[in-house]
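In what follows, chains are A, B, ... by sequence order, proteins preceding strands, each numbered from 1. Hydrogens, waters and symmetry mates are skipped; everything else that's a heavy atom, side chains included, is used. Here the structure is a predicted model, which means the values were calculated and not measured.
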Amino acid sequence: MCSSSLRTILSKSNPVSLLDSAASLAELKQVHAQLLVGGLLDEPRLLGKLVASLALSQSDPGALAYAEQVLSHSRHDPTIFAFNSLIRAYSKSAMPHQGFQFYRRILRSGHLPPDNYTFTFLVRSSAQIPSVEAGAATHGAALRWGFGGDAHVQSGLIHMYAELGMPECFRRVYEEVKDPDLVSQTAMVTACARCGEIDLARQLFDAMPMRDSVAWNAMIAGYEHLGRAREALRLFHLMQLEGMKVNEATMVSVLSACAHMGALDQGRWAHVYIERNRLYMTVTLGTSLIDMYAKCGDMKRAMEVFWTMRERNIYTWSTAMNGLTMNGAGESCLELFRLMQEEGVLPNEITFVSVLRGCSVAGLVEKGCEYFDMMISIYRLEPWLEHYGCMVDLYGRAGRLDDALGFIHAMPIEPHVGAWGALLSACRIYKNTELGEYALKKIVELESRNDGAYVLLSNIYADSKNWDGANNVRELMKAKGVRKEPGCSAIEVGGEVHEFFVGDKSHPRYGEIEVMLGEMARRLRVAGYVAKTNQVLFDIEEEEKEDALCWHSEKLAIAFGLISLQEGVTIRIVKNLRVCHDCHDATKFISKIFNREIVCSPLPLESPPQEEEDSRDANSGRWVQCQKRPKSPSFLVAPLENPMASSSPPPLPPE
DNA sequence: GTAGGGTTAG
């Protein structure tokens, strides 16, 4: 067939629609070949369209590189549209900086001025990197080329400066916006929230003459990111009252808020809401669901969601793996990692944090070492401080304190508080006072006001009944003005989260709670439970110690759960500090005695671990301390004994 | 023919 007749056929079949309908890289390559043979690539518009179709094709990661080749080999100068398409594609990719080489080529061409689109995409790239140098250069160039007043460029700049943590800069940009509209106002709400100015963000939000779903989502997410989960949920409620359309992004923030509060009922409600409103179950939304269930201690449901998802990305796998380790199921986490590898999903640094923690939780030291090596040599990932902390924890928990210390000394980077904290934590478990003192010294050098570290060391002294040592630590804390974070347990009842602090009598139903506490103590005694009082920090009478243990925040929350939740409903507690040994054991007993499933929900295992060491009475000066973390994998304190326990209560509306 | 604001894991 001569090329002229092919050209006729191609022109008749409309090359643009051919490009639009090509779904895969292979099909795009075919169209490319046809255009080439037909001589149609001499047409700048068609060349641009081909480059754009390839660059923005999501089907194949190689398509973008192919787009670049097409552009490089073209006999004619590409249009600005073609260049913009490449910059745009890179701005959305994992290599946003690559877009700048095309900007340089645009300038080198000498006759092709960049336009408003060019700068919009470059601004997005700078925000993605994120780089102050690139950002400032892009902003400067946009001003020089006369696009500083472009609305798209400006809102992009607001977003970019927020990413770079430069509030003065985004404020200045916003001041220069001629007529702030919905988009630039929303960008400001997000920017303020991101830089911690949440109240200012709310003022801006309240003052907006018009608000769409994106604006609402921005405000809700702003609260959520700053840990103000209750306000996020309150705003979500308001959003519904205003008849605003809720979408996937809204629900992702809502689920995140439920996860942070450990509010399983509200999380379940959100799940039902998603299904009833037929919101599209995107990978992101599914992943948020898994995270919510995992952080609320319902790992079974989390895995149900995981297995029913049609698509899973690295976030999905890492979230599930993290949930399993958080819930004490280290071996399951490693099993999931194996499946992930089988499916050809490439792990990243965050995945390996879960893998190493999984090994730590499961006590698999050698395996952990293998994974650490694998991460570097096979996956070519540079270990982060977190990974080193995990390794110290891995050795430490297994009682290999010398190896843990050796590992710290061999670290190629300066050991951080996390690494020393993991060592200190291990010293606590294995009662090594000397090494514990050394670890604390190192921690204090790095961070003089680390309350968790002081508490750990005083607990180590207490283990050996060294009251002088414990006292000294306490005096030292006083002298340095270091205050221990108080233990706080939360329980959700009737869609509302109730918080209890140590020795907290402020709850409206405290009278009933106190009665139940007495009942719990009585039945525990009858059942033969002996409180772990040998570890109590100060030398007080046995009976008093036992009494003091009753006041731990988790016990208060359990008592409240027992009086306020229907029989058969699981009692779920979320705690800020690690559950103490006595409470862990007592909870097992209580679960049996009261025939209740009790789940004490984990917080992510942190390095250094924050350990409970409660004050019975803030003024009495008598401390009751608690012991090492529960042995894995028993974070699910009680087994499912009650068949009613798995039937979920009807979903409740938030608030 | 392209564009600006909101969403996931440690």
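- With hydrogens and angles left out, the side chain of A:Asn217 and the base of B:dG5 share no donor-acceptor pair within 3.5 Å.
- Among the nucleotides B:dT8, B:dG5, B:dG6, the one closest to the side chain of A:Thr186 is B:dG5.
- At a threshold of 4.0 angstrom between heavy atoms, the contacts of A:Ala191 with the nucleic acid are absent.
- Across all strands, A:Leu182 comes closer than 4.0 Å to base atoms (heavy-atom distances).
- Closest contact between the side chain of A:Tyr117 and the listed nucleotides B:dA9, B:dG5, B:dA3 involves B:dA3.
- When distances are taken from the side chain of A:Arg88 to each of B:dT7, B:dT2, B:dA9, the shortest belongs to B:dT2.
- A:Arg171 and A:Glu197 make their closest contact through NH2-OE2, 4.2 Å (heavy atoms, listed as atom of the first residue, atom of the second, distance).
- Distances were taken from every side-chain heavy atom of A:Thr284 (C-beta onward) to each of B:dT8, B:dA9, B:dT2; the shortest belongs to B:dT8.
- The base of B:dA3 is paired with the side chain of A:Asn116 by a donor and an acceptor separated by under 3.5 Å.
- Using a 4.0 Å heavy-atom criterion, one finds that A:Phe352 contacts no nucleic acid atom at all.
- Contact of A:Asp212 with B:dG6 (side chain to base): no donor-acceptor pair of N or O atoms is detected under 3.5 Å.
- The cationic group of A:Arg312 lies under 6.0 Å from the six-membered ring centre of A:Phe306 and within 45° of the ring axis, placing it in a cation-pi geometry.
- For a distance-only test at 3.5 Å, the side chain of A:Asn84 fails to qualify as a donor-acceptor partner of the base of B:dA3.
- In this structure, a donor-acceptor pair under 3.5 Å is present between the side chains of A:Asn84 and A:Thr118.
- Contact between the side-chain N/O atoms of A:His152 and the OP1/OP2 oxygens of B:dT2 is not found at any separation under 4.0 Å.
- In this structure, the CE atom of A:Met219 is 12 Å from the P atom of B:dT7, given to the nearest Å.
- Residue A:Arg211 is classed as having no contact, given no heavy-atom separation below 4.0 Å to the nucleic acid.
- As rounded to whole Å, 12 Å separates atom C1' of B:dT7 from atom CD1 of A:Ile274.
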Requested in this report: Step by step, work out the side chain to side chain donor-acceptor pair (under 3.5 Å) result for A:Thr316 and A:Thr287.
Outcome: CA-CA 5 Å; A:Thr316 322; A:Thr287 303; 3.0 Å; yes
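- Of the candidate nucleotides B:dT2, B:dT7, B:dT8, B:dT8 has the atom nearest to the side chain of A:Thr287.
- The nearest whole Å value for the distance from the CZ atom in A:Phe119 to the C1' atom in B:dA3 is 14 Å.
- Aromatic ring orientation, A:Phe236 versus A:Trp269: perpendicular (interplanar angle above 60°, classes split at 30° and 60°).
- Of the candidates B:dA3, B:dG5, B:dT8, the closest approach to any side-chain atom of A:Ala215 belongs to B:dG5.
- Figure legend: A:Arg211 and A:Phe205 shown as a cation-pi pair, the cationic atom lying under 6.0 angstrom from the six-membered ring centre and within 45 degrees of its axis.
- Taking atom CE of A:Met208 as the reference point, atom C1' of B:dG6 lies 11 Å away to the nearest angstrom.
- Distances were taken from every side-chain heavy atom of A:Ser253 (C-beta onward) to each of B:dG4, B:dA9, B:dT7; the shortest belongs to B:dT7.
- Between the base of B:dG6 and the side chain of A:Asn247 there is a donor-acceptor pair shorter than 3.5 Å.
- Distances were taken from every side-chain heavy atom of A:His225 (C-beta onward) to each of B:dT8, B:dA9, B:dG4; the shortest belongs to B:dT8.
- A:Arg124 comes within 4.0 angstrom of the backbone, heavy atoms only, and of no base.
- In this structure, A:Gly48 reaches the bases: a heavy-atom distance under 4.0 Å links it to at least one base atom across the strands shown.
- Distance CH2 (A:Trp317) to C1' (B:dT8): 16 Å, rounded to an integer number of Å.
- In this entry the distance linking CG of A:Leu324 with P of B:dA9 reads 16 Å, nearest Å.
- Out of B:dG4, B:dT2, B:dG6, the shortest distance to the side chain of A:Ala249 is found at B:dG6.
- Within the 4.0 angstrom heavy-atom criterion, base atoms lie near A:Ala151.
- Spacing between atom NE2 of A:His159 and atom C1' of B:dA3 amounts to 14 Å, rounded to whole angstrom units.
- When the nucleotides B:dG5, B:dA3, B:dT7 are ranked by their closest atom to the side chain of A:Ala221, B:dT7 comes out on top.
- Residues A:Thr325 and A:Arg357 have side chains that never bring a donor and an acceptor to within less than 3.5 angstrom of each other.
- Using a 4.0 Å heavy-atom distance criterion, A:Thr319 is classed as a sugar-phosphate-only contact.
- Here the P atom of nucleotide B:dG6 and the CZ atom of A:Phe236 are 20 Å apart, to the nearest Å.
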